[in-house]
Amino acid sequence: MTEYTPKERLYRALRKQQVDRMPAVCFTQTGTVEQMEACGAHWPEAHADAEKMATLAEAAHTVVGFEAVRVPFDITAEAEFFGCGIKAGDLKQQPSVIKPSVKNLEDLDKLRNYNLKEGRIAVVLEAVKILSEKYGKELPIIGSMIGPFSLAQHINGDAWFGNLFTGEEVVPALLDFCSDFNIAYAKAMVENGADTIAIIDPTASYELIGGEFYEKYALPYHKKIADAMKELDVATVLHICGNTTNGLGIMDKAGVSGISVDQRVDIKTATSSVKNAIIVGNLDPVAVLWNGTPEEIADASKKVLDAGVGLLTVGCGTVSMTPTVNLQKMIECAKSHKY
């Protein structure tokens, strides 16, 4: 069988085409303290400096061994871009959103004339370009963004779920606004060299909002992004936190290339629940990858691989204190697996 480059291998795997072996990649955040110490680019500076962001993203490949590079490392840049208050992270913790920016339609109208060449959005786009120019011929370049449902929740704050249940007019307006932004941002990433887009939408979880609300308030907007990327021949991977088992059939309707599931999802059940996407995951980032041993990681990986996972990787964002040797054991297990 043909031996593919990492870029070719992931391209084919996400489209269910024949490959020589499983790719070893991560679609969720990849930064760890050990990588920071090895490459000299640390949080929180690497969240806001394109060169440092690219350097730390590169370390996931050069230090750990992932066969892809991915930026950014948090899901707050978009909310900050739209005026939300942000609590700065530190060496081990990512930034978080602490203050919304939109209460009503008038507030939303003030955000519409945005410029993607400003703020941390511009930093991420520059980091994508740096990585693409260095690795784009050989490695997948994964651009990641928060999904439209969670971005709307960040922007609207604590009022979001109340507005959702009472059917306030700001809800569809925000979702349209956020998904249009997602598409513009994704296209800009692709223009700068990204070939795969990860959509991280944690609060759109079936476990949190149920199937009816997911189908009404998340699915159409995920589909808009996936459809826009298909026109560019760009794969999309959707990650939603929590036990999404009962919602996977609905999520599959979005048309994304891959669905990333966390450790609470049974892989065998997941693979039987979807027809279009491949299932990605789902080693426990805390109990297994952070606190486990390489031997325990090998055992956990075997169970997930035997259950039929499409791509073996982290079940959620990588914990910053995860040892490099543990991630390398997972990578070794993935690279040793032939479909």
Side-chain angles (χ1 to χ4, degrees), residues 28 74-87 94-112 114 145-183 185 198-228 236 238-256 259-265 269-270 273-274 277 316-317:
T28 52
D74 71 316
I75 53 171
T76 67
E78 299 89 347
E80 181 180 321
F81 184 69
F82 290 120
C84 293
I86 304 295
K87 179 181 178 181
Q94 298 153 301
S96 57
V97 178
I98 58 173
K99 185 179 179 181
S101 59
V102 168
K103 292 182 179 179
N104 50 46
L105 293 177
E106 289 183 4
D107 290 341
L108 180 58
D109 285 340
K110 297 175 184 176
L111 303 179
R112 294 192 182 279
Y114 57 81
M145 63 182 66
I146 192 170
F149 188 91
S150 299
L151 179 55
Q153 185 261 320
H154 275 170
I155 292 173
N156 198 214
D158 292 340
W160 174 247
F161 287 104
N163 288 334
L164 198 72
F165 281 97
T166 56
E168 300 299 325
E169 60 182 356
V170 73
V171 168
L174 260 173
L175 289 169
D176 281 331
F177 174 82
C178 291
S179 56
D180 287 345
F181 161 76
N182 281 128
I183 291 168
Y185 189 20
I199 306 163
I200 314 296
D201 214 349
T203 56
S205 178
Y206 181 94
E207 191 174 43
L208 185 62
I209 64 174
E212 181 181 347
F213 271 43
Y214 177 83
E215 194 150 16
K216 182 176 181 179
Y217 294 115
L219 174 61
Y221 305 97
H222 291 155
K223 190 174 187 306
K224 278 174 61 176
I225 302 168
D227 287 349
T236 48
L238 173 64
H239 178 82
I240 298 181
C241 301
N243 188 352
T244 56
T245 302
N246 292 330
L248 289 170
I250 306 172
M251 293 168 63
D252 195 35
K253 297 178 184 178
V256 293
I259 296 175
S260 170
V261 296
D262 85 8
Q263 61 274 10
R264 284 170 283 183
V265 175
T269 302
S273 300
V274 301
C316 197

key: Smallest separation among heavy atoms of Ile259 and Ala277, with atom names   = CG1-CB, 3.8 Å
ask   = Is there a donor-acceptor contact under 3.5 Å from the side chain of Asn156 to the main chain of Ala152?
value = no
query = Is the backbone N or O of Ile240 less than 3.5 Å from a side-chain atom of Asp201, with the two atoms forming a donor-acceptor pair by type?
reply = no
Listed pairs under 3.5 Å, donor-acceptor, residues 208-219 side chains, sequence neighbours left out:
unit_1 : atom_1 : unit_2 : atom_2 : d
Tyr214 : OH     : His222 : ND1    : 2.9
Glu215 : OE2    : Lys253 : NZ     : 3.2

Approximate separation, where rounding is to 0.5 Å, of Glu168 CD and Leu174 CG = 12.0 Å
inquiry  = Once you measure the plane-to-plane angle for Phe161 and Phe149, does it fall in the parallel (<30°), tilted (30-60°) or perpendicular (>60°) bin?
reply    = tilted
task = First locate atom CD1 of Ile75, then atom OG of Ser150, and finally report the distance between them rounded to the nearest 0.5 Å.
result = 6.5 Å
task = May I ask you to check whether Glu207 and Ser205 show a side-chain donor-acceptor distance below 3.5 Å?
result = no
Straight-line distance of Lys224 NZ to Asp180 CG, nearest 0.5 Å = 4.0 Å
key: Gap separating the OG1 atom of Thr236 from the NZ atom of Lys223, nearest 0.5 angstrom   = 11.0 Å
key: Residue pair Tyr185 / Tyr114, side-chain heavy-atom distance below 4.5 Å   = no
inquiry  = Please report the interatomic distance CG(Asn246) to OG(Ser273), rounded to the nearest 0.5 Å.
reply    = 8.0 Å
task = Given side chain to side chain contact (heavy atoms under 4.5 Å, CB included), test Leu248 with Val265 step by step and report yes or no.
result = CA-CA 10 Å; Leu248 289 170; Val265 175; 4.2 Å; yes
note = Asp109 meets the side chain to side chain contact (heavy atoms under 4.5 Å, CB included) criterion, sequence neighbours left out, with Arg112
ask   = Would you say the side-chain atoms of Asn182 pair up with the backbone N or O of Ile146, donor to acceptor, closer than 3.5 Å?
value = yes
ask   = If you take all heavy atoms of Ser179 and Leu175, which pair is closest and at what distance?
value = OG-O, 2.8 Å
remark   = In terms of heavy-atom contacts, Pro148 and Ile225 come closest through CD-CD1, 3.7 Å
Verdict with reasoning, Cys316 to His239, per side chain to side chain contact (heavy atoms under 4.5 Å, CB included) = CA-CA 8 Å; Cys316 197; His239 178 82; 3.7 Å; yes
inquiry  = To the nearest 0.5 Å, what is the distance between CG on Leu164 and CD on Gln153?
reply    = 10.5 Å
Can you give the donor-acceptor pairs under 3.5 Å from side chains of residues 95-105 to other protein atoms, not counting sequence neighbours?
unit_1 : atom_1 : unit_2 : atom_2 : d
Ser101 : OG     : Phe82  : O      : 2.8
Asn104 : OD1    : Glu106 : N      : 3.1
Asn104 : OD1    : Asp107 : N      : 2.9

query = Does the side chain to side chain contact (heavy atoms under 4.5 Å, CB included) test come out yes or no for Val171 and Trp160, once each step is laid out?
reply = CA-CA 8 Å; Val171 168; Trp160 174 247; 3.8 Å; yes
